[in-house]
Amino acid sequence: MKKILFVLIASFCAINLSAQEAKKTGNFAINELILLPHIGKVLKNNSKELNITNEQMQRVSKEVKQVYPPKFQDLIRQAFPIERKVQRKILKGASPEELKKDLDEIARLKREAVDYKIMAFNAFKKIFTKEQWKKITKLAK
């Protein structure tokens, strides 16, 4: 009984803190389904150390930046308003059953977005040498 009471109190406190934070900032954090490193930032901040050629950067621009980010960002943008709606419903006391349709749609959108991110990682990997890719993944951690 004490354990159940403790869990209920802890849950209530966590929800209350989240609600207070939402009121302060006006929003909740919106995350990807799986957080992956941002390879573009690694390349930008370490291009000399990685000995990246102009040809490689042109390939990155053509084969990755012009292809995957627009698709990824579109899916995340589609998920955002649904997440906001779910967050508001949760604060009003909605049950998991009431949220199922919206949660399934968020999961579908974010899953598809992660697919694009994985494809981008694989495209990056094809552009760089094994040594460069090893350094890139090390710097991305």
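Every heavy atom of this structure was used, including side-chain atoms; hydrogens, water molecules and symmetry mates were not. Residues: numbered from 1 along the sequence shown.
The NZ atom of K134 sits 13.5 Å away from the CG atom of L50 when rounded to the nearest 0.5 Å. The structure places CD of E49 at 5.0 Å from CG of L139, a figure rounded to the nearest 0.5 Å. The distance from the CD1 atom of I90 to the CG atom of D102 is 10.0 Å, given to the nearest 0.5 Å. If you take NZ on K89 and CG on L99, they are separated by 6.0 Å, rounding to the nearest 0.5 Å. The CG atom of N46 sits 11.5 Å away from atom CG of N51, with the distance rounded to the nearest 0.5 Å.
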Salt bridge (charged side-chain N to carboxylate O under 4.0 Å, His left out) between R108 and D104, worked out: CA-CA 6 Å; R108 184 193 67 76; D104 288 346; over 6 Å; no
Evaluation steps, side chain to side chain contact (heavy atoms under 4.5 Å, CB included), between I76 and F80: CA-CA 6 Å; I76 295 300; F80 181 78; 5.7 Å; no
Audit row: K110, E83, salt bridge (charged side-chain N to carboxylate O under 4.0 Å, His left out) steps and yes/no: CA-CA 11 Å; K110 288 193 173 191; E83 288 180 335; 2.4 Å; yes
Derivation and outcome, side chain to side chain contact (heavy atoms under 4.5 Å, CB included), residues F121 and Y68: CA-CA 10 Å; F121 266 73; Y68 299 107; over 6 Å; no
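Each of Q78, K71, R77 was evaluated against D74; a single residue qualifies, Q78, per the side chain to side chain donor-acceptor pair (under 3.5 Å) test.
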For residues 56-65, which side-chain donor-acceptor pairs fall under 3.5 Å, sequence neighbours excluded?
residue : atom : partner : partner atom : Å
Q56     : OE1  : T53     : N            : 2.9
Q56     : OE1  : T53     : OG1          : 3.4
Q56     : OE1  : Q132    : NE2          : 3.2
Q56     : NE2  : I127    : O            : 3.3
Q56     : NE2  : Q132    : OE1          : 2.7
R59     : NE   : E63     : OE2          : 2.8
R59     : NH2  : E63     : OE1          : 3.2

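Taking 4.5 Å as the limit, some side-chain heavy atom of L75 sits within range of a side-chain heavy atom of Y116. Side-chain contact between K100 and E97 is absent, with no heavy atoms from C-beta onward closer than 4.5 Å.
Between F128 and F124, the ring planes lie parallel to each other; the angle is under 30°, not in the 30° to 60° tilted range.
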